[in-house]
Structure formats: C-alpha cells, structure tokens
Amino acid sequence: MKLNEKKDCLSHHNAILFKVNSVCDDFCSFCSEFKNIKLKKSPLNLKDFKNNYYYLKKRYKIDYIILTGGEPTLHKDFFNILDFLR
C-alpha cells in the first residue's frame, strides 16, 4: 500500500464486513450466501475475529462493522462478538 493510499484509508469512512458464519435457518434460494451455506463452511471463531479486527483497525479508520454470513445471530459467539465490539 502506497503512502497516499494508506492516508486515504485513514481519513475516509470505511465499513468492514465480517462473514462470521455460513449458517441459516431459512434456506432462501435467492440468497447470495446460499452456495456457502450448502458447503457448510466453518464459522469464524472469536479469536480469529478479534485478530482480524485489530489488524484492520491498525490500518483503517473503521466507522461501521457489518456482521454477515448466512444468519450471523446463529453464530455461537454472536453475543461475545457484540460485547467485544461495544
């Protein structure tokens, strides 16, 4: 990353999207995550979530965190993730 690019990332608004899981209880055929849900990919564990967050926070000015996947509220550590972000 060039110096100007880094400066831009630190001065502009940035949203970070975390796909925390690939689980859903609706199975909508039009869902953009449908393929990943069918593959049953492993969820992002809490330790890796925190490490990724700290890595990105050092490099970007973070204004928004978006939790996604299939249905992020089904992640076993969903409330721990929210507590951490708070």
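Values below: every heavy atom of this structure, side chains too, minus hydrogens, waters and symmetry copies.
Going from atom CD of Glu33 over to atom OG of Ser22 covers 5.5 Å, rounded to the nearest 0.5 Å. Here CG of Leu46 is found 5.0 Å from CG of Asp77. Values are rounded to the nearest 0.5 Å.
The closest donor-acceptor contact from the side chain of Asp26 to the backbone of Cys28 lies at 3.5 Å or more, if one exists at all. Judged by distance alone, with hydrogens and angles left aside, the side-chain atoms of Asn14 form no donor-acceptor pair with the main-chain N or O of Ile62 at under 3.5 Å.
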How far apart are the C-alpha atoms of Asn21 and His75, what are their side-chain angles, what is the distance that settles it, and do they pass the side chain to side chain donor-acceptor pair (under 3.5 Å) test?
CA-CA 6 Å; Asn21 66 7; His75 191 286; 5.9 Å; no

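Hydrophobic clustering (ILVMFWY, side-chain heavy atoms < 4.5 Å, transitive): Leu85 and Phe79 are in one cluster. In the hydrophobic clustering of ILVMFWY residues, with side-chain heavy atoms under 4.5 Å counting as a link, Leu17 and Tyr54 come out apart.
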Kindly list each side-chain donor-acceptor pair under 3.5 angstrom involving residues 64-74, sequence neighbours excluded, with atom names and distances?
residue, atom, partner, partner atom, Å
Glu71, OE2, Thr73, N, 3.3
Glu71, OE2, Thr73, OG1, 2.7

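Looking at heavy atoms from C-beta onward, Phe18 lies out of side-chain contact with Asp48 at the 4.5 angstrom threshold. Leu82 places none of its side-chain heavy atoms less than 4.5 Å from the side chain of Arg86. Proximity of Lys19 to Lys41: side-chain heavy atoms (C-beta onward) are nowhere separated by under 4.5 Å. Inter-residue side-chain proximity for Asn52 and Leu44 is flagged as met; some heavy-atom pair is nearer than 4.5 Å.
Ring-plane geometry between Tyr53 and Phe84 is classed as perpendicular, the angle between the planes exceeding 60 degrees on a 0 to 90 degree scale with a lower cut at 30.
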